[in-house]
Participant: 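Below are the structure tokens for one structure; questions will follow.
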Amino acid sequence: MKHLNLVLGAAGLAVFLAVGEAVPRLGLVKEAYFPPVSTIAGALAREVSDPAFWTALGDTLTGWAVGLALAVAGGLLAGVLLSVVPYLREATASTVEFLRPIPSVALIPLAVLLYGTELRSVLLLVVYAAFWQILIQVLYGVQDVDPVAEATARSYGLGTLARVRYVLWPTALPYVMTGVRLAAAVALILSVTAELVIGAPGLGARIAVAQTSQAVPEMYALIVVTGLLGLLINVGARTVERRALSWHQSVRGEVAV
Amino acid sequence: MNGTFRVLRRLLFVVALPAVLLTVWWFASAGSTDVYWPPLETIVAAFPEVWDGERIRADLLPSLWRLLSGYALAAVVGVALGTLIGSYRTVRAFCEPVLEFLRAVPPPVLVPVIMLFAGIGDGMKIVVIAVGCVWPILLNTVEGVRAVDPVMTETARCYGVGGAARLRHLVLPSASPQIFAGLRQSLSIGIILMVISEMFAASNGLGFAIVQFQRGFAIPGMWTGILVLGLLGFLLSVVFQLVERRVLSWYHGLRDSSRRSP
Amino acid sequence: MLDVRGLRKVYEGSGRTVEAVRDLTFSVAAGELVCLVGPSGCGKTTLLKCMSGLLAPTGGEVLLDGRRVTGPPPGMAFVFQEYGRSLFPWMRVGQNVELPLKQKGMAKERRRALVADALESVGLADAAKAYPWQLSGGMQQRVAIARALAYEPQVLLMDEPFAAVDAQTRADLEDLVRRLWRERGITVLFVTHDIDEAVYLGERVVVLSASPTVVQEELVVDLPVERDQLNTRVQPRFAELRTRVYEQIQAAKRGSVSAAPGAPGAGVEKE
Amino acid sequence: MLDVRGLRKVYEGSGRTVEAVRDLTFSVAAGELVCLVGPSGCGKTTLLKCMSGLLAPTGGEVLLDGRRVTGPPPGMAFVFQEYGRSLFPWMRVGQNVELPLKQKGMAKERRRALVADALESVGLADAAKAYPWQLSGGMQQRVAIARALAYEPQVLLMDEPFAAVDAQTRADLEDLVRRLWRERGITVLFVTHDIDEAVYLGERVVVLSASPTVVQEELVVDLPVERDQLNTRVQPRFAELRTRVYEQIQAAKRGSVSAAPGAPGAGVEKE
Amino acid sequence: GSSDDPSDKSSSSGGVTTVKVGVIPIVDVAPLYLGQEKGIFGKHGLKLEMTPAQGGAAIVPGVVSNQFQFGFSNMASLMIAQSNGVPVRAVVNGVATTGEKGKDFGGLVVKGDSGITSAKDLEGKKVAVNTLKNINDTTVRESVREAGGDPSKVKFVEIAFDQMPAALDSGEIDGAMAVEPALTTAKSQGAVEVASSYVDVSDRLTVAMYFTSAQYAQQNPEVVEKFEAATKEALAYADGHPDEVREILTSYTKIPADLLPQLTLPKWPAEVDRGSIETLRDLGEKDGLYTKTPDLDALLP
Ligand SMILES: Nc1ncnc2c1ncn2[C@@H]1O[C@H](COP(=O)(O)OP(=O)(O)OP(=O)(O)O)[C@@H](O)[C@H]1O
Ligand SMILES: Nc1ncnc2c1ncn2[C@@H]1O[C@H](COP(=O)(O)OP(=O)(O)OP(=O)(O)O)[C@@H](O)[C@H]1O
Ligand SMILES: [Mg+2]
Ligand SMILES: [Mg+2]
């Protein structure tokens, strides 16, 4: 079955690539602006053979990983805290809703002001954007606790911490997993965007150079790289999920029937 | 606890923290000479001047229209696609790699590609917003649909509840708490993408205005724009919560009923 | 009508493989009312799910009117043991009962009448507007029963449907099932762990062995078709039959080590 | 020990207001075994939840050793009617049983022993490694019971704990509860809808009226403390007591219109 | 991260001062890269650390907060910043127009078959500029005016340079004010140039300059002086060695090799042309770019 999934996934990608090749070849858009997949692949090969590319990739991944880790840790902590202390949640709700839609891109001048083009500048934007994804998922996940399970835990004298660990956390886990997958992509997007706009070293900065240089295939090649990163990240997330949620209907349902 | 008291208490909770934060900001920024961190007083003073009726009509309303259209588009596509993907393992295996690929592409670099296909008008902006908003909805729908209680699934099968009725009466309601989590996420992402999309090929809009202030070094103006974004987000989330409370009344009732009243 | 032939079901997954049903063969004639009894965990629910086509058997087959069952056939209603989870929490009680009828494409008026009737007959006429989670356990179970009754099935599968209701209501519901069975000529397969109930209700009692399950004994209940709570239960033949079933269940349990409560002195020595 | 004084509980919400319990006053002495019976939906579960501090009463109060109960007191175990949902699906059976013990800060070895013991005594020794959703209904219920037993509570509240197990297992479990009660001197409050069970188990039977609920009758079960399934149930006094309880429940149900099954001819005419 | 210690904004060791310069990775800043490579900056005791950014949004705050010591910005942006009280000081010339119509590094292009032949024909049409209310729309307005048209009838939209060729090609816009390499790309796709807007303002127009913050200029006058002197030398060198400029471009841009020889390079005079800046200021004033008139004496060196 695992193999079947792999084959199907590869087939999906193949169809996608074929469309990407066909659209410019059929003249639906000009090749100069939307090069066919084969041209992009050529550019990608050139990129990959450039050591500077790998440094840039490393920079982007560092920003992504550190930012994501901070956002996940912060989001989980805040989410659990807010749901365990109801007053806190009520008191912060309006502020959270106010802050959430403020786009990271609007914060770019402030980030530069504070940290220049260093990694920390990227981190600020990444954490700011990804944090909310986790927080909201945790809040909704915690709300999903089965009242009977909750009553059971309380009646057996499980304290707050124990209830968080044994009841709240497992219930919220499916939501959190989704949140982590969302946040992982957002973190990647933001680290690339930050590099793109601020010029912090990384893939984004390379994309910016390609854009201003009218190097269209190179630009698409770099975009493809970010997409592939997202793909890999998701494979990782799914693997973790299969292990962590083996008891959950969403996973066991797949095995049974 | 009588009615008015309860309303007052809620109101207190809503305004207390923002009031504290604003006060802190007010005093911390007072007398600041840094152009990028103007005193809050300056920002507040600039507010009515910047956001007069004309600007609201010219910038805020078009933005709202784009936001709501893009969001609605994302909601429809996300739920429909998510239900499909969540219901069939093979479809999921087939689509997931491509979707994950697309999901990881940053909207700012995606915009030029979208411009190739959707032009530079409102259509492009709506598509950009929808493309960004769709992911939380899609992912949450997929997971929600996958998690439908097996006993309920069997009940539906047994009583011949299939096809569209199964979707309407079983799958979607059962997944709705999680779908709403996604919708909630997307709301603020939509606002963010509204700003991003208006950084490209725009000549009006809230995001356009903010970027214009920023580039024109009208920093208090930029700050008022950020405040408007926050307020917009807050208002939309209030509306959203009202809707959610209605649609998910069974869910909240179920959750609350067995909890002790404080 | 319903034929179970060499049915076998093995659960696999999460590192635990259980042979729930080993080899079951029996049949239920059209219009028969059969009770199934057996030790806890012996595979009664599994059997019912296989018969209704909800679960694919590992081996053997289930035939309905000679055709192999692969999915839930129309005209079959199921009352689940997990009654609480089989009600949709987002629908009010009335809507829960009405949904399958809607599915059948029934006219609104007729639906309304059937729903009202079914709820009335389980004593929940005034709970139609409540959500299931606002009801007590027994009330929820009765909603699930009402849903099955309103559906007007040809075949009715009931998995411990009266487990959560009080004695009086239970007696009423037993009579209700027998009455419906006689009036409508439906086929009923009824799982219970109450031996008296099995004998009182059934025309035949099938006793299952402990897991891995086979048919331990099939017993024809030769009580008159007209039964009532007061007189039937005191008939000597009733006592004989219930003793017989009891013995068989005990034999079934003894056959298996795993399911025997191990607390010393807790066992009941009967003959 | 446990005093319920003028307890009242009104459920509000979603446009439905139900006065589940109107005015309940009774008490349970330390080391007593009291059975609660009453019509379905009369408020037994509500009462138990209020007594354990899980639910805040609308009026009146519950006292434990003279102190008002506001949250679940330590040393109290609860077996929920919704046994399936009270087990954590993300934990294996053994872990489910062990969790409260961990919470007590018990040493690992002792925990292991208690868990193994408790599972053994409900006949599930070999299911410790399974997930709850891999078990049958009756097995799940027994896990919930095992969890309560392993907890070694002073006060044990059980809400229809044997509803899903077969007759034989049920008898064994009844004896197990009585044995534990006698050996450990714990206080037990036991909700059941099986009248025979109530009389067989309890030292006292409290009969509740239909909703809105008051105490319909309190009955001291003057059977000898030593009871066994075979002899106790055939004693004339047992028959008297069970008839008395039965009558009271019927009276309770007649008192209320709503809960009476309305199917004509379905009622049982007894005296 | 390029620097480990945030407080160490500019460090000097062994007589060499390292400064960070916020630049846009385009042709305009080639002299800096070239000068660095040729050792011109080293000779003056400077080591440049180039930080490419997408535009003024990142560079100006970076310079103001001393994250960068110097930055590159067009004149209009600098004047807008100055008039809004942002403490910036222009240091040395950045880039200037070639002064030859039709042979400048920036130009107003339209689609080949559009029938538009002069800037006047753009009345009622949609013209793309990279940023609204900045140097490019102001200069385009001047072109329209010079061609006898009414600039207020032109509709401007904001599109990044790199997307202009595609947007022009698809007819989404009627004209675009593009700079190299977008200009050459657009032309190679059939676009025609109808005006050289920078030249229309002044044939010696100073388009962009390097700047620093007032605070930094005050505290480190000698570094600023060194930067000015070295940059002037680098500008002169670049102006005289176009082939080396094309060569150095491959090191920090990705301009495709086939495009490289066709690019029109800008002029890099060492001195700013104050007169042209005053013209630009006055035009900007007319277009409402500033809240109050920029003080050129305070801004320019
Ligand atoms: N989803 C499952 N996965 C694995 N094993 C299962 C699953 N469902 C049931 N089993 C196992 O199959 C056996 C039979 O279960 P089943 O539910 O059919 O019993 P039952 O006769 O209905 O018992 P009860 O009277 O207690 O409800 C049990 O040993 C149980 O552990
Ligand atoms: N969460 C709830 N919200 C609203 N009403 C409720 C809720 N829980 C119970 N009720 C109502 O309270 C009454 C008593 O319910 P309760 O569960 O206590 O009954 P019970 O005696 O345990 O019944 P059973 O024997 O059927 O389990 C019922 O009428 C029920 O509808
Ligand atoms: Mg079962
Ligand atoms: Mg109950």
Side-chain angles (χ1 to χ4, degrees), chain A residues 4-5 8-9 11-13 16 29 33-34 86 90-95 97-106 109-110 113 132-133 136-137 140 143-144 147-148 150-151 174-175 178 181-182 185 188-189 192-193 196-197 207 219 223 226-231 233-234 248-250 253-254, chain B residues 13-18 21 36 89-90 93-98 100-109 113 116-117 135-136 139-140 143 146-150 177-178 180-181 184-185 187-188 191-192 195-196 199 210 214 225-226 229-234 237-238 254-255 257-259 262:
Chain A
L4 181 70
N5 280 358
L8 278 171
L13 272 181
F16 178 67
V29 285
Y33 313 129
F34 191 89
E90 267 188 82
T92 52
S94 54
T95 311
E97 292 308 330
F98 182 88
L99 291 177
R100 233 153 48 85
I102 293 178
S104 279
V105 285
L110 305 182
L113 219 52
W132 303 117
Q133 310 270 322
I136 296 300
Q137 292 287 133
Y140 272 84
Q143 178 180 286
D144 204 33
V148 180
E150 168 82 5
Y175 285 79
T178 308
R181 287 176 58 209
L182 284 170
L188 184 63
I189 287 172
V192 172
T193 309
L196 187 86
V197 180
I207 293 180
M219 185 191 85
I223 295 179
T226 62
L228 289 178
L229 278 184
L231 203 64
I233 290 166
N234 186 57
H248 193 256
Q249 171 58 26
S250 61
E254 313 246 295
Chain B
F13 270 117
V14 168
V15 287
L17 185 60
L21 291 178
Y36 282 96
R89 210 189 59 235
T90 41
F94 185 78
C95 295
E96 201 169 272
V98 175
E100 290 303 324
F101 177 91
L102 291 176
R103 197 159 71 87
V105 178
V109 300
V113 186
L116 283 181
F117 295 95
W135 304 115
L139 255 59
N140 273 296
E143 299 309 317
R146 282 171 73 193
V148 175
D149 189 310
Q178 207 157 348
F180 267 84
R184 179 76 168 272
Q185 297 260 33
L187 195 59
S188 53
I191 299 180
I192 292 172
V195 173
I196 291 183
M199 288 164 59
I210 290 177
Q214 186 180 313
I226 292 181
L229 280 181
L231 283 178
L232 180 64
F234 174 70
S237 95
V238 168
L254 167 64
R255 264 30 187 182
S257 74
S258 339
R259 300 221 166 106

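Numbers restart at 1 for each chain; the letters A, B, ... are given by sequence-line order, proteins then strands. Any value given below was found using the heavy atoms of this structure, including those in side chains, with hydrogens, waters and symmetry copies removed. These numbers come from a predicted model, not from an experiment.
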Participant: Leu188(A) and Ala104(B): which non-hydrogen atoms are nearest, and at how many Å?
Facilitator: CD2-CB, 3.8 Å

Participant: Quick one: salt bridge (Lys or Arg N to Asp or Glu O under 4.0 Å) partners of Arg181(A), sequence neighbours excluded?
Facilitator: Glu100(B), Glu143(B)

Participant: Could you tell me which of Leu102(B), Val113(B), Leu139(B) has the largest number of non-hydrogen atom pairs under 4.5 Å with chain A?
Facilitator: Leu139(B)

Participant: Any side-chain heavy-atom pair from Pro106(B) and Thr226(A) closer than 4.5 angstrom?
Facilitator: yes

Participant: Which of the residues Ala93(A), Ala91(A), Ala185(A) is involved in the greatest number of heavy-atom pairs with chain B at under 4.5 angstrom?
Facilitator: Ala91(A)

Participant: Heavy atoms only: give me the nearest Leu182(A)-Arg103(B) pair and the separation to one decimal.
Facilitator: CA-NH1, 3.6 Å

Participant: For Val148(B), is it the side chain, the backbone, both or neither that has a heavy atom under 4.5 Å from a heavy atom of chain A?
Facilitator: backbone

Participant: Need one label for Ala11(A): side chain, backbone, both or neither, based on atoms under 4.5 Å from any heavy atom in chain B.
Facilitator: both

Participant: Between Gly230(B), Cys95(B), Pro136(B), Gly233(B), which shows the greatest number of heavy-atom pairs under 4.5 Å with chain A?
Facilitator: Gly230(B)

Participant: Which atom pair, heavy atoms only, marks the closest approach of Gly12(A) to Val98(B)?
Facilitator: O-CG2, 3.4 Å

Participant: Please look at Ala181(B) and chain A and tell me whether the side chain, the backbone, both or neither of the residue comes under 4.5 angstrom of a heavy atom of that chain.
Facilitator: both

Participant: Hey, could you give me the CD/CD distance between Gln137(A) and Gln178(B), rounded to the nearest 0.5 Å?
Facilitator: 7.0 Å

Participant: Can you sort out the partners of Leu231(B) under side-chain contact (heavy atoms from CB on, under 4.5 Å), two or more places apart, ordered by chain and number?
Facilitator: Phe98(A)

Participant: Please state whether the side chain, the backbone, both or neither of Ile223(A) comes within less than 4.5 Å of a heavy atom of chain B.
Facilitator: both

Participant: Supply the atom-to-atom distance Tyr33(A) OH to Leu116(B) CG, rounded to the nearest 0.5 angstrom.
Facilitator: 9.0 Å

Participant: Please determine, among Phe34(A), Tyr175(A), Trp132(A), Phe16(A), the option with the most heavy-atom pairs under 4.5 Å with chain B.
Facilitator: Tyr175(A)

Participant: For chain A, which candidate among Val105(B), Leu21(B), Leu229(B) shows the most heavy-atom pairs at distances under 4.5 Å?
Facilitator: Val105(B)

Participant: Could you tell me which portion of Leu13(A) (side chain, backbone, both or neither) has an atom closer than 4.5 angstrom to a non-hydrogen atom of chain B?
Facilitator: both

Participant: Could you tell me the separation between the OH atom of Tyr140(A) and the CG atom of Asn140(B), rounded to the nearest 0.5 Å?
Facilitator: 9.5 Å

Participant: If you take all heavy atoms of Gly9(A) and Pro97(B), which pair is closest and at what distance?
Facilitator: CA-CG, 3.5 Å

